[in-house]
Amino acid sequence: MNLILIAPPAAGKGTMASMLNKKFNLVCISAGELLRGVDPETEIGKMIRDIQSRRELVSDEITNKLMKERLMKDDIKNGFILDGYPRHMPQVDAVNQMCEELNLKIDYAVLLNVDYDTALKRTIGRQICPKCKQTYNRLTGVNAPKVENMCNDCNVELVTRNDDNEETFNIGYNAYLKNCAPVIEYYRNKGILIELDASKDPEYTFNQLMDKIGSNND
């Protein structure tokens, strides 16, 4: 089974990918991790770091090249999840070309729907333990620390990522709305889009997916 995960910021793509990996042993392929994984001492690595340091998007040419190389590895034979890719229609075309050349097929595009306010609270309320990396949230009412601003296990003060702010969130959210709308419509028209309510806990969202995959295969 090969899947694409489509979602706005803070919808829970990473959690969903992890749950799918655990149940089906699917390899999660994140475009962001592919870019970060390039040796910074190489020419392409230096180019990527320079682009990212300016908070710009790496070109499709580079991203598509890395993605195709990743999809040529043997560990994807049991299935894979594309996380954060394709993010717009030119990348959809690239995925289609890769699948044709590598004899692969996308079975489902999974859309995680979450409203703006919930996604914003998940982002700006997020707190992380610097020691054990456990994640908490002070705004959503889910997984709040027992003692304000303190890790439940390590008893150390929680920290907030620099980019977990409303301005950065809005940039990512608006880019998602603009770029992913035609991607969503494309996969809907192909009949392989699965839409999920991702506004509740991850188990609820995952169970929705299991039900829909099951019904689609009946």
Side-chain angles (χ1 to χ4, degrees), residues 1-37 57-58 60 63-64 66-68 70-71 73 75-96 98-99 102 104-116 118-120 122-123 126 135 169 172-217:
M1 181 168 59
N2 303 323
L3 308 175
I4 290 172
L5 287 183
I6 306 171
K13 285 202 313 297
T15 300
M16 179 60 62
S18 177
M19 296 172 81
L20 285 164
N21 171 268
K22 185 175 181 180
K23 184 170 182 66
F24 297 109
N25 195 30
L26 304 180
V27 174
C28 182
I29 304 174
S30 162
E33 289 183 6
L34 282 181
L35 293 169
R36 288 190 292 272
L57 292 175
V58 176
D60 283 351
T63 306
N64 294 343
L66 294 175
M67 185 61 67
K68 184 175 180 180
R70 183 65 184 86
L71 289 173
K73 295 188 177 180
D75 63 345
I76 63 109
K77 299 298 184 184
N78 189 58
F80 58 83
I81 307 161
L82 297 185
D83 176 0
Y85 181 95
R87 66 173 183 264
H88 52 214
M89 285 307 299
Q91 289 184 346
V92 170
D93 294 337
V95 168
N96 290 341
M98 291 177 207
C99 286
L102 302 176
L104 299 171
K105 174 190 174 186
I106 300 299
D107 296 295
Y108 301 109
V110 180
L111 173 61
L112 305 181
N113 283 317
V114 62
D115 64 87
Y116 173 89
T118 298
L120 178 61
R122 287 180 179 178
T123 299
R126 182 161 46 200
T135 301
F169 171 81
Y173 192 85
N174 290 331
Y176 163 79
L177 293 178
K178 176 183 177 181
N179 295 322
C180 284
V183 175
I184 292 166
E185 194 61 22
Y186 171 82
Y187 287 117
R188 180 181 285 119
N189 290 336
K190 283 197 69 173
I192 63 171
L193 184 73
I194 294 178
E195 297 191 57
L196 305 175
D197 176 7
S199 64
K200 300 178 182 179
D201 61 82
E203 288 75 18
Y204 174 83
T205 307
F206 187 74
N207 288 335
Q208 288 180 78
L209 178 57
M210 293 303 96
D211 289 343
K212 294 194 176 187
I213 288 177
S215 63
N216 285 353
N217 290 331

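This is a predicted model, so every value here is computed, not measured.
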Once rounded to the nearest 0.5 Å, what's the spacing between atom [atom1] of [X] and atom [atom2] of [Y]?
| X | Y | atom1 | atom2 | answer |
| --- | --- | --- | --- | --- |
| Asp211 | Ile194 | CG | CD1 | 10.5 Å |
| Leu209 | Tyr204 | CG | OH | 13.0 Å |
| Ile4 | Ile106 | CD1 | CD1 | 4.0 Å |
| Tyr85 | Arg70 | OH | CZ | 14.0 Å |
| Lys212 | Leu196 | NZ | CG | 5.5 Å |
| Asp60 | Asp93 | CG | CG | 10.0 Å |

Checklist line | Where Asp197 and Ser199 come nearest, the two heavy atoms and their spacing | finding: OD1-OG, 2.6 Å
Check: What heavy-atom pair brings Pro182 and Lys178 nearest, and what distance separates the two atoms?
Finding: CD-O, 3.8 Å
Atom pairs and distances, side-chain donor-acceptor, residues 8-33, under 3.5 Å, sequence neighbours left out:
unit_1 : atom_1 : unit_2 : atom_2 : d
Asn21  : ND2    : Leu26  : O      : 2.6
Ser30  : OG     : Gly32  : N      : 3.3
Ser30  : OG     : Glu33  : N      : 3.2

Check: Is there a side-chain contact between Arg87 and Val183, using heavy atoms and a 4.5 Å cut-off?
Finding: no
Note to self: For a 4.5 angstrom cut-off between non-hydrogen side-chain atoms, does Val95 reach Met67?
What the structure shows: no
Next item on the list: Could you tell me if the ring centre of Tyr116 sits under 6.0 Å from that of Phe169?
Entry: yes
Note to self: Looking at Phe80, is its backbone amide N or carbonyl O close enough to the side chain of Asn2 to form a donor-acceptor pair, meaning the two atoms are under 3.5 Å apart?
What the structure shows: yes
Note to self: Quick one, Leu104 with Ile76, criterion side chain to side chain contact (heavy atoms under 4.5 Å, CB included). Give me CA distance, side-chain angles, the key distance, then yes/no.
What the structure shows: CA-CA 10 Å; Leu104 299 171; Ile76 63 109; 3.9 Å; yes
Next item on the list: With sequence neighbours excluded, give me every side-chain hydrogen bond (donor to acceptor under 3.5 Å, both in side chains) pair touching residues 186-196.
Entry: Asn96-Tyr186, Asn113-Glu195, Glu185-Arg188, Arg188-Glu195
